Amino acid sequence: MLVCEQPVLRRFWYPVMPLAMLADGPKPFRLLGEDIVLWMAENAPVALADRCCHRTAKLSKGYCERNRLVCGYHGWAYDPTGRVVRIPQSAAAEDRPTRMTVPWFRAAARYGYAWVALDEPLADLPAFEEPEEGGFRQIDQFYEVWGCAGLRVMENSFDNAHFSFVHRESFGDQGHPAPAKLEIENRADGFLMLSSVPVRNPEIQKHLLHMDSDHTVRHMRARWYMPFLRKLRINYPNGMVHSIVTAVTPIDDRSSQIVQFCFRNDTEAEAKAADVIAFDRQVTLEDQGILESTDYDVPLDQTGAELNMASDRPGILMRRMLRELLEKHGEIEIRRDGPRRGEPPVRLTSVR
Ligand code: FES
Ligand SMILES: [Fe+2]
């Protein structure tokens with residue numbers, strides 16, 4: 001599936017940027033191949049097409065002034081709906097709405113990030129239980145570009161067979177290569193996977209988890225939110241909870257913006273945020289190294305394209321649910337060597 005060729009993927013909320021990055025002015029982002037500019041208007045993020053309707057300059061090269069985004073080329077000023085409200089070269093000294101506009105997109109703030117949906121969203125912004133429960137702190141971990149498809153990162157997150165291999169240097173237990181059993185509960189917008197995985201407990205984790213044992217068990221409640229977001233809540237036997245939110249926001253067909261933060265039920269005095277990030281850094285680098293070697297054009301229809309084993313069940317379910325999503329919205333899966341959008345699917349015919 002080429003994500004930029006499937007319009008229904010524009011109908012989801014994606015976290016695109018930490019709000020803190022907007023404090024000093026507008027910033028560019030490419031979401032599903034669409035160049036947008038993000039800026040802060042009266043404490044709410046705004047997303048517009050990053051192209052001035054005068055001479056096409058990138059609006060992200062402009063600046064913010066009194067709830068307006070000002071183009072850096074000739075100073076045309078836009079309001080938060082994308083309407084030109086001031087042309088400084090004209091006689092009028094006051095703001096005056098014109099009929100000139102640039103495309104506007106839905107934007108919202110949550111968990112310290114600006115989220116954007118390019119078209120009418122099919123689901124609400126995700127809401128996580130930890131901030132509601134109380135007793136949790138949020139640690140912002142990673143904001144970086146990976147050269148792989150979101151679906152690869154998603155299925156990797158639910159893949160109990162990879163720990164002993166990809167994570168053999170960090171927590172993977174090579175004494176237990178058999179993937180842990182799992183249960184899946186379907187949800188309208190994804191699924192919940194329950195699993196208990198035996199892992200090594202390296203020195204840094206002994207400190208961070210407040211546990212002396214060399215091995216432990218991760219009781220995992222992993223929630224997949226279609227299409228490219230997961231929350232992995234890990235409960236340890238001593239009551240420690242480490243809940244990781246990973247969004248893999250699609251930049252284009254080949255690359256994704258990783259947005260990762262976590263919730264923990266301990267304090268900075270008990271475990272320094274920098275140390276928590278350092279351990280998860282090692283783990284994510286291990287995943288990144290492998291995932292960037294995979295094909296970005298992930299086949300939803302797997303007939304003959306990739307082979308499976310029993311523990312691939314969550315990934316196979318993701319592909320099936322995404323296929324159903326496309327079908328429901330009248331789309332066919334677009335592949336690199338397949339039909340382009342709007343063309344009929346290619347059918348193989350036998351030749352004598
Ligand atoms: S290009 Fe933006 S004001 Fe001229
Ligand atoms: Fe992993």
Side-chain angles (χ1 to χ4, degrees), residues 25-26 28 35 37 39 48-65 68-79 82-90 92 95-96 98-103 141-142 144 146 148-174 176-177 179-180 182 193 195 197-200 202 205 218 220 222 224 228 230-234 242-248 256 258 260 262 279-294 311-312 314-315 318:
D35 284 324
V37 55
W39 54 287
L48 303 175
D50 195 8
R51 185 176 189 272
C52 182
C53 60
H54 176 222
R55 285 294 180 270
T56 78
K58 286 199 176 303
L59 292 171
S60 52
K61 293 195 170 293
Y63 54 93
C64 297
E65 191 178 76
R68 304 279 185 252
L69 175 61
V70 181
C71 178
Y73 198 171
H74 310 94
W76 289 22
Y78 294 79
D79 75 6
R83 183 172 299 280
V84 176
V85 290
R86 182 161 156 70
I87 297 177
Q89 293 80 10
S90 79
D95 281 6
R96 185 177 296 170
T98 69
R99 289 204 294 213
M100 295 180 282
T101 59
V102 294
Q141 297 192 294
F142 309 116
E144 61 201 22
W146 286 16
C148 67
L151 190 49
R152 295 288 184 197
V153 183
M154 287 296 104
E155 63 180 3
N156 167 265
S157 304
F158 293 78
D159 172 4
N160 282 350
H162 86 287
F163 301 129
S164 303
F165 301 94
V166 173
H167 301 302
R168 59 190 177 277
E169 305 284 329
S170 53
F171 68 93
D173 184 350
Q174 292 199 289
H176 290 89
L182 57 91
M193 181 181 109
S195 188
V197 178
V199 294
R200 281 193 300 113
Q205 280 290 78
R218 290 179 161 200
M220 307 200 300
W224 175 54
F228 307 128
R230 68 98 200 238
K231 192 191 73 170
L232 170 60
R233 180 170 173 135
I234 306 170
H242 182 77
S243 225
I244 308 168
V245 175
T246 306
V248 191
S256 307
I258 300 289
Q260 181 165 312
C262 70
F279 179 71
D280 284 351
R281 172 81 286 174
Q282 182 184 358
V283 173
T284 49
L285 283 176
E286 290 167 343
D287 282 318
Q288 182 184 9
I290 284 290
L291 293 174
E292 289 191 333
S293 76
T294 62
S311 57
D312 293 324
M318 286 176 189

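What you see is a predicted model, and the numbers here were worked out from it, not measured in a lab. Note that ligands are numbered from 1 as they come in the structure, with each ligand's atoms numbered from 1 the same way. Every heavy atom of this structure was used, including side-chain atoms; hydrogens, water molecules and symmetry mates were not.
- Protein N/O/S atoms closer than 2.8 Å to the Fe ion (ligand 2): H162 NE2, H167 NE2, D287 OD1, D287 OD2.
- Classified by interplanar angle (parallel below 30°, tilted 30° to 60°, perpendicular above 60°), the ring pair W76/H54 is parallel.
- Under the 4.5 Å side-chain criterion, counting only non-hydrogen atoms from C-beta, H74 is in contact with R55.
- No donor-acceptor pair closer than 3.5 Å links the side chain of D50 to the backbone N or O of D35.
- Atom 4 (Fe) of ligand 1 has H54 ND1, H74 ND1 as its protein N, O or S neighbours under 2.8 Å.
- In this view, H167 and H162, F171 satisfy the ring pair (Phe, Tyr, Trp, His ring centres under 6.0 Å) rule, not counting sequence neighbours.
- Residues S311 and D159 have side chains that never bring a donor and an acceptor to within less than 3.5 angstrom of each other.
- With hydrogens and angles disregarded, a donor-acceptor distance shorter than 3.5 Å links the side chain of R200 to the backbone of R168.
- Checked by atom type, the side-chain pair T56/R51 shows no donor-acceptor distance below 3.5 Å.
- Judged purely by atom type and a 3.5 angstrom limit, R83 uses its side chain to pair as donor or acceptor with the backbone of T98.
- Within the structure, salt bridge (Lys or Arg N to Asp or Glu O under 4.0 Å) contacts touching residues 280-292 (residues at least two apart or in different chains) are E144-R281.
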